[in-house]
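In what follows, a single structure is set out as structure tokens and then discussed.
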2 protein chains.
Amino acid sequence: MSDNPVPPAPFPPVGEGKRGTEGYLGYLLRQAATAYRQRVEKALADLGVTAPQFTVLTMLHAYPGLSGADLARTALVTPQTVSVILANLERAGLITRTPHAQHGRILMAALSPAGERLLALARARVHALDPVLKDDLSAPEEAVVRRWLARVAQMPG
Amino acid sequence: MSDNPVPPAPFPPVGEGKRGTEGYLGYLLRQAATAYRQRVEKALADLGVTAPQFTVLTMLHAYPGLSGADLARTALVTPQTVSVILANLERAGLITRTPHAQHGRILMAALSPAGERLLALARARVHALDPVLKDDLSAPEEAVVRRWLARVAQMPG
DNA sequence: AACATAATATCAGAGCTTTGATATGAGTGA
DNA sequence: TCACTCATATCAAAGCTCTGATATTATGTT
């Protein structure tokens, strides 16, 4: 057995040591965001809307008339990415796009009535996840987490 | 002007109110992870390796011989996703895959010499980002953030 | 031994995301 | 006016990610 060419593949413990709180901050951030994104996708799945679509719908509800470029800057993604999401939302009849009055090139997006209805359902599902996300953080602890997340999001690319 | 069919598109302030520390925790988490992922991709771009590939290479360096299913569970993604990443890594000559001695179906992955060399370069780049990520957190604050991220990552899907 | 169950791997399709390239429109300056 | 620059939008290709389906291999049950 000792000269078996195939090593026994030591199994990494989950949530301990480098796989837990001792790991790299970036690794932890990625794992947490991945887990949360999947919970959001799961909650929205039967509504036929994806997490990125929900993000765009939410932004358009808060700020009707945003252009694709505006949305891209706000969501920290490229204009090309937003273009794909907007195309899918428009095909689903959830948004409308109208040319800007003065600026001929700009397309202003806004929720359709169907989009508003769907967003109301989606918001309830996603917001129900936030208390779980809050875990057992105390108020000062939550403030620390919020401040850190906001700073990381705003760091220069 | 008041009956202009095109509203003036109020511009959302960046980093304030709902777009800052007062926003939903889930929104903040997504924004922070997106911003960090893009910084990682930027740092790795000229090495020809992506962030997900770096993650898999790192795991295989720490635990040689992991199967695709093992990697999927560790990285919190589906086996199909890992399958795509492994195919690209193998095509690039960065990993090798050998059948398990007993378990005929399992393919054990490990870094090739080229993969080890590339990972060493990539690690230096990515690890250089961690101090920046640490921002100006005090030791107790960092502990709070780490504990929260680890918990969110381990919450049931 | 035969069947059922579970784990592993992969194919197919859809959507998200990036970089790079292209076209259009607005504004500025020679 | 013409050219230059900038912003907006989109196409194309590559990679990541998901759900759903399929094939193969072990294992456990009868």
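Below, chain A is the first sequence line, B the second, and so on; all start at residue 1. Worth saying up front: this structure is predicted, and the values here are computed from it rather than measured.
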Are B:His61 and B:Val56 side-chain neighbours, meaning at least one heavy-atom pair lies under 4.5 Å? no
Upstream residue (5' side of DNA chain D) when A:Arg30 and A:Gly68 are each assigned their closest nucleotide: A:Gly68
May I ask you to verify if any side-chain N or O of A:Gln38 is less than 4.0 angstrom from the OP1 or OP2 atom of D:dC18? yes
To the nearest 0.5 Å, what is the distance between OG1 (A:Thr74) and CG (A:Leu60)? 9.5 Å
From B:Leu76 atom CG to B:Gln154 atom CD, the distance as rounded to the nearest 0.5 Å: 9.0 Å
Treating Ile, Leu, Val, Met, Phe, Trp and Tyr as nodes and any side-chain heavy-atom pair under 4.5 angstrom as an edge, say whether B:Tyr27 and A:Leu119 lie in one connected cluster. yes
Categorize A:Val77 for me: base, sugar-phosphate, or nothing, with a 4.0 angstrom heavy-atom threshold over every strand shown. sugar-phosphate
What is the distance from CG of A:Leu71 to P of C:dT17, rounded to the nearest Å? 12 Å
Of the nucleotides C:dT18, D:dT17, D:dA9, which one has an atom closest to the side chain of A:Thr81? C:dT18
Of the listed nucleotides D:dT8, C:dA12, D:dC16, the one nearest the side chain of A:Ile106: D:dT8
Which listed nucleotide (C:dG15, C:dT8, D:dA9) is nearest to the side chain of A:Thr50? C:dG15
Given D:dG20, D:dA9, C:dT17, the nucleotide with the shortest approach to the side chain of A:Ile85: C:dT17
Are A:Leu28 and B:Leu129 linked, directly or through other ILVMFWY residues, by side chains that come within less than 4.5 angstrom of each other? yes
Nucleotide C:dA7, atom P - distance to CE of B:Met108 in whole Å: 19 Å
For a quick check of understanding: with a heavy-atom distance under 4.0 Å over all strands, which category does A:Gln53 fall into, base, sugar-phosphate or nothing? sugar-phosphate
To the nearest Å, how far apart are B:Gln102 CD and D:dT25 C1'? 14 Å
So which nucleotide from C:dT24, C:dC16, D:dG15 ends up closest to the side chain of A:Arg105? C:dT24
Output yes when at least one side-chain N/O atom of A:Asn88 is less than 4.0 Å from OP1 or OP2 of C:dA14, else no. no
Tell me the interatomic distance from A:Leu66, atom CG, to D:dT8, atom C1', rounded to whole angstroms. 14 Å
From CG of A:Leu86 over to P of C:dC16, roughly how many Å is that when rounded to an integer? 10 Å
State which of D:dT25, C:dC16, C:dA23 makes the closest approach to the side chain of A:Pro52. C:dC16
Using only heavy-atom distances, decide whether a donor-acceptor pair under 3.5 angstrom links the side-chain of B:Gln80 to the base of C:dG13. no
B:Arg37 CZ to C:dC16 C1', straight-line distance once rounded to whole Å: 9 Å
Contacts of B:Leu107 and A:Pro79 projected onto DNA chain C by closest heavy atom; the upstream (5') one is B:Leu107
What is the separation between atom CG on B:Leu47 and atom P on C:dT18, rounded to the nearest whole Å? 19 Å
Return the nearest nucleotide to the side chain of B:Thr78; candidates are C:dT8, D:dC16, D:dC18. D:dC18
Taking atom C1' of C:dA14 as reference, at what distance in whole Å does atom CD of A:Glu41 sit? 12 Å
Measure the spacing between CD of B:Gln53 and CD of B:Glu41 and express it to the nearest 0.5 Å. 9.0 Å
